[in-house]
Amino acid sequence: MKVFWIRSGHWVRTIALIFALFFEIWMPLGVIGIGVSQNTNVSSLNPRVLKVGVLFTLDSVIGRSAQPAILAAVDDVNADNSVLPGTKLKLILHDTNCSGFLGTVEAMQMMEDEVVAAIGPQSSGIAHVISHVINELHIPLLSFGATDPTLSALQYPYFVRTTQSDHFQMNAIADMVDYFGWREVIAIFVDDDNGRSGISALSDALAKKRARISYKAAFSPGSPNSVISELLVSINLMESRVYIVHVNPDTGLSVFSLAKKLQMMSSGYVWIATDWLPSFLDSFETNIPDIMNQLQGVVALRHHTPDSDLKKIFVSKWKGLKYKKSSSFNSYALYAYDSVWLAARALDTFLKEGGHIYFSTDPKLRENNGSILHLKSLRVFNGGEQLLQTIKRTNFTGVSGRIQFGDDRNLIHPAYDILNIGGTGIRRIGYWSNYSGLSTIAPENLYTKPLNASRNNHLYSVIWPGEVTSVPRGWVFPHNGKPLQIVVPNRVSYKAFVSKDKNPPGVKGYCIDVFEAALNLLPYPVPRTYILYGDGKDTPEYSNLVYEVSQNKYDAAVGDITIVTNRTKIVDFTQPFMESGLVVVTVVNEEKSSPWAFLRPFTVQMWAVTAIFFIFVGAVVWILEHRTNEEFRGPPRQQLITIFWFSFSTMFFSHKENTVSTLGRLVLIIWLFVVLIINSSYTASLTSILTVQQLTSKIEGIDSLISGTDAIGVQEGSFALNYLINELSIAASRIIKLKNQEEYADALRRGPGNGGVAAIVDELPYVELFLAGTNCIFRTVGQEFTKSGWGFAFQRDSPLAVDLSTAILQLSENGDLQKIHDKWLSRTECSMSLNQVDVNQLSLSSFWGLFLICGIACFIALSIFFFRVLFQYRRFTPETQPEVEDIEPVRTRRLSRTTSFMHFVDKKEAEIKGKLKRKVSENKQASQSSEAHLDSPP
């Protein structure tokens with residue numbers, strides 16, 4: 001293997017070249033090259049040697065791992081005759097020496113050597129600079145260490161990332177933050193290209209989970225410990241206790257060592273480190289106790305590489321590598337090894353597809369006579385575009401896993417191991433991949449499963465700092481001595497809910513007691529200060545109060561604050577502690593008694609159907625009893641009177657006629673049951689109508705107000721004003737603002753004709769308190785036409801809102817919420833709602849089932865009766881008639897038969913049965929005499 005180390009003898013020329021490129025110093029005298037035809041060295045055969053540049057910091061955590069892997073990969077490629085047969089790879093290795101400036105100089109020197117591809121750098125800052133150069137020179141750049149997400153931009157088409165982008169790592173952290181229920185984090189990072197871009201990606205990922213970075217704690221590269229210590233002290237005074245550490249592996253450990261000294265590695269803290277920490281720890285063959293002691297409870301992410309046979313073989317050979325100066329090994333060694341193989345396979349395909357290795361001068365580069373820049377030394381790789389496309393479509397399995405690129409030039413299936421440091425070791429608590437999210441199953445085992453089946457969103461238990469297993473709350477009240485600023489409306493009415501108080505804490509009322517009781521249930525103290533909102537002369541606008549909370553002027557708002565849609569868009573509310581809704585209050589008058597009150601229990605339809613059934617059942621019983629019961633026989637006039645008398649006498653169960661037929665008794669029993677129910681219901685309804693006070697009002701509810709033109713009263717500062725105007729389209733000129741209960745009562749008494757109002761629209765809790773002191777001369781009419789509640793308002797994503805919601809539910813379950821309500825709020829002794837007469841009226845819908853049963857019974861009884869009569873009639877009528885000349889018309893014969901049948905039905909059944917018996921006897925005697933005549937001799 002050929003490795004060339006670059007000396008720094010040409011630094012002056014190279015530095016000058018860099019300044020020319022950075023500041024666009026283009027020299028107008030002469031053109032270095034005039035085309036490929038004059039300055040091109042084209043070989044029709046495969047070259048014997050291909051130069052590949054390598055650029056990274058050798059003496060670094062990543063460099064000490066990547067260097068032996070790269071050298072081993074070149075040896076393996078050159079020893080494999082199936083890849084680049086007859087051609088050897090030669091590395092041009094440059095050391096960036098942990099310096100952005102020197103790294104840029106080394107990169108420019110590397111480009112002078114006409115490399116066909118470059119591997120590295122590990123620094124995202126250097127990658128940004130040289131990406132502009134490789135774009136111009138068409139040199140594909142395979143980076144195994146630059147994780148800056150912005151390098152995937154279309155601005156850098158020749159940059160190909162052979163490791164995972166921090167975009168995916170930050171999404172993994174966001175999923176963890178959401179999994180554990182945190183809403184705010186503090187980002188600690190190095191203020192360079194990689195740090196800023198990574199934290200920007202984290203901010204975007206957290207926003208999708210309704211979380212955010214509350215503070216970005218940045219420090220410059222190479223900052224002394226004193227600067228980092230001051231930074232940690234400042235963030236320790238803040239609210240959030242979830243820290244995301246995104247630094248470099250060479251200096252990042254100092255953050256944890258200083259945090260340990262500041263006692264920030266104890267219980268209640270959460271530390272999440274990006275892949276730099278596992279890369280650092282994996283560099284040691286054994287865990288160092290002093291280092292592990294500083295990292296107890298830390299959660300970290302490491303690039304996930306499947307445990308394939310290729311990886312196991314490579315790891316087993318690692319100790320025997322002759323290029324390895326130390327035991328440093330981490331995931332970057334795997335990516336570096338695969339980067340060399342990716343370049344080799346792509347070059348092999350490139351040459352097999354007819355590609356040629358030749359360079360030409362760039363006509364865009366010009367220099368003055370006598371210039372020492374020597375711009376012509378930078379030459380364009382004419383096959384660079386073709387080689388880039390070959391690299392992007394290359395697909396093989398390496399030691400790090402599947403090497404295949406997506407449309408964004410990132411490796412497909414990015415995944416991370418989630419690690420937890422505890423004791424003297426590291427344990428894996430799960431995985432993350434962009435396919436399956438958080439999981440305890442290795443990602444490669446889930447790629448073949450459907451997406452829904454692969455997401456279990458689960459991790460194993462974590463041992464957090466302080467050796468606790470319960471998930472930390474993730475926030476505390478800041479230690480800077482500033483209590484929670486709570487704004488309270490300074491009401492001028494309904495002071496039972498909230499009002500100013502001379503004694504500490506300065507406010508009192510139902511809402512304050514509920515808030516204080518909920519705070520007492522929290523497992524931590526909440527320092528707080530109450531601030532009155534309003535001048536005390538007018539009730540403040542609650543929407544303005546909520547808006548100022550959303551603008552971070554106050555931390556929270558406590559009071560009778562209604563939860564409405566517009567407010568929930570700018571603040572977070574707790575669980576409602578009081579149910580509420582808009583109702584209509586108006587003046588009611590006592591209704592005078594009516595001489596026709598006895599008709600009110602039933603509706604007109606009910607009265608009509610009941611009367612019809614009385615007559616119908618009487619007629620049915622008469623039909624069933626007429627042929628067998630003497631009491632239902634007689635002259636037509638008497639029978640008609642009997643039908644009506646019998647029908648209506650059953651109402652009082654005083655009918656004197658006895659029923660003798662089975663069918664008649666069946667119908668009568670069912671009808672008496674129906675009458676019993678009707679009588680009982682009528683009695684109960686009439687009693688209610690005559691004994692309960694009946695009140696009337698011309699306003700029946702919110703619909704009456706919408707369709708009318710009378711004035712409407714609302715409470716000053718209430719959301720009801722905007723609701724009536726915007727939602728119900730009621731003219732603003734009709735609405736009058738009222739300050740207190742006295743103005744409520746006065747406006748209602750005067751009425752719309754005397755400068756008052758026809759009704760007042762207000763929330764139910766206020767109305768209950770108002771009606772308690774009005775001697776029941778006002779009532780609510782109609783139903784609640786909105787449903788809402790009162791809650792405490794907090795700034796968006798405030799964790800205190802969630803904890804207080806749980807506390808309010810506890811107050812409701814243990815009965816303390818009702819006790820506080822009974823302490824401050826009294827209920828009216830009279831009914832709040834207006835009694836409507838129609839409510840007490842009984843309609844047919846309540847009894848149609850009884851009438852249906854009775855009607856079916858009557859129909860069945862009549863059917864059986866007529867079938868039996870028809871059968872008797874057929875037996876009674878002779879089957880044969882004497883043959884006579886039929887001169888009568890058909891219509892006359894039908895009328896005759898109908899008349900005959902009606903006469904038959906009208907006859908008594910006993911008489912019919914007697915005639916049938918005599919007829920049977922006569923037929924029998926005639927038959928016997930005929931037989932005797934035939935048997936006698938002639």
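When side chains are defined from C-beta on, Glu763 does not count as touching Gln715, because their heavy atoms never get closer than 4.5 Å. Residues Asn679 and Val675 have side chains in contact (heavy-atom distance under 4.5 Å, counting atoms from C-beta outward). Contact of the Phe785 side chain with the Val761 side chain is registered, since non-hydrogen atoms from C-beta on lie closer than 4.5 Å. Between Gln741 and Thr774, every side-chain heavy-atom pair lies at or beyond the 4.5 Å cut-off. Within the 4.5 Å cutoff, the side chain of Leu825 has heavy atoms near those of the Met578 side chain. Looking at Thr539 and Ser493, their side chains come closer than 4.5 Å, going by heavy atoms from C-beta outward. A 4.5 Å side-chain heavy-atom check between Leu844 and Thr603 finds every atom pair outside the cut-off. Contact of the Thr610 side chain with the Met606 side chain is registered, since non-hydrogen atoms from C-beta on lie closer than 4.5 Å.
Pairing each heavy atom of Leu764 with each of Ser580, the nearest pair is N-OG, 4.2 Å. Taking both residues in full, the closest heavy atoms of Val588 and Arg779 are given as CG2-CG, 3.6 Å, listed atom of the first, atom of the second, then distance. Between Gly756 and Ile736 the shortest heavy-atom distance is O-CD1, 4.0 Å. The two residues Ala861 and Val667 come nearest to each other via the heavy atoms CB-CG2, 3.6 Å. The two residues Ser718 and Asp762 make their nearest non-hydrogen contact at OG-OD1, 4.4 Å. Of all the heavy atoms in Asp816 and Asn814, the pair that sits closest is N-OD1, 2.9 Å.
Interatomic distance, Phe577 CZ to Ile563 CD1, rounded to the nearest 0.5 Å: 8.5 Å. One finds the CG atom of Leu850 at 8.5 Å from the OG atom of Ser681 (value rounded to the nearest 0.5 Å). To the nearest 0.5 Å, atoms CD1 (Ile725) and CD1 (Ile735) are separated by 4.0 Å. From Leu666, atom CG reaches atom SG of Cys858 across 9.0 Å, with rounding to the nearest 0.5 Å. Rounding to the nearest 0.5 Å places CD1 of Ile760 at 13.0 Å from CG of Leu582. Expressed to the nearest 0.5 Å, how far CG of Leu804 lies from CD1 of Ile808 amounts to 6.0 Å.
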Step-by-step side-chain contact (heavy atoms from CB on, under 4.5 Å) determination, Asp746 to Glu743: CA-CA 5 Å; Asp746 180 65; Glu743 290 191 5; 5.7 Å; no

Verdict with reasoning, Thr574 to Phe515, per side-chain contact (heavy atoms from CB on, under 4.5 Å): CA-CA 11 Å; Thr574 62; Phe515 184 71; over 6 Å; no

Working for side-chain contact (heavy atoms from CB on, under 4.5 Å), residues Leu862 and Leu624: CA-CA 7 Å; Leu862 288 174; Leu624 298 176; 4.3 Å; yes

Steps toward side-chain contact (heavy atoms from CB on, under 4.5 Å) verdict (Leu842, Tyr682): CA-CA 8 Å; Leu842 301 175; Tyr682 176 85; 5.8 Å; no

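Under a 3.5 Å cut-off, the side chain of Ser704 and the backbone N or O of Glu700 do form a donor-acceptor pair. Side-chain atoms of Thr780 never come within 3.5 Å of backbone atoms of Val583 as a donor-acceptor pair (strictly under, hydrogens ignored). In this structure, Ser805 contributes its side chain and Gln575 its backbone to a donor-acceptor pair below 3.5 Å. At least one donor-acceptor pair closer than 3.5 Å links the side chain of Thr586 to the backbone N or O of Ala758. Arg491 places no side-chain N or O within donor-acceptor distance of the main-chain N or O of Lys495, the cut-off being under 3.5 Å.
Taking the six-membered ring wherever Trp is involved, the centroid distance between the rings of Phe573 and Phe792 does not fall below 6.0 Å. Checked against the 6.0 Å centroid criterion, the rings of Trp790 and Tyr766 qualify as a close aromatic pair. A distance below 6.0 Å separates the ring centres of Phe614 and Trp671.
Side-chain atoms of Thr565 and Arg567 form no donor-acceptor pair, as typed in the model, at a separation below 3.5 Å. Between Gln605 and Ser843, the side chains place no donor N or O within less than 3.5 Å of an acceptor N or O (distance only, hydrogens not considered). For the residue pair Asp560 and Tyr542, a side-chain donor N or O sits within less than 3.5 Å of a side-chain acceptor on the partner. Side-chain contact of Asp822 with Gln818: a donor-acceptor pair under 3.5 Å is present, judged by distance alone.
Between Asp710 and Arg734, no side-chain nitrogen of the basic residue sits less than 4.0 Å from a carboxylate oxygen of the acidic one, so the salt-bridge criterion is not met.
Phe497 and Tyr510 have perpendicular rings, their planes meeting at more than 60° on a 0 to 90° scale where under 30° would count as parallel.
Annotation: ring pair (Phe, Tyr, Trp, His ring centres under 6.0 Å) contacts of Phe770 (sequence neighbours excluded): Tyr744, Phe778.
Shown here is Glu579, whose CD atom has no more than 12 heavy atoms of other residues, nucleotides or ligands within 6.0 Å. Within a 6.0 Å radius of CH2 in Trp848, no more than 12 heavy atoms belonging to other residues, nucleotides or ligands are found.
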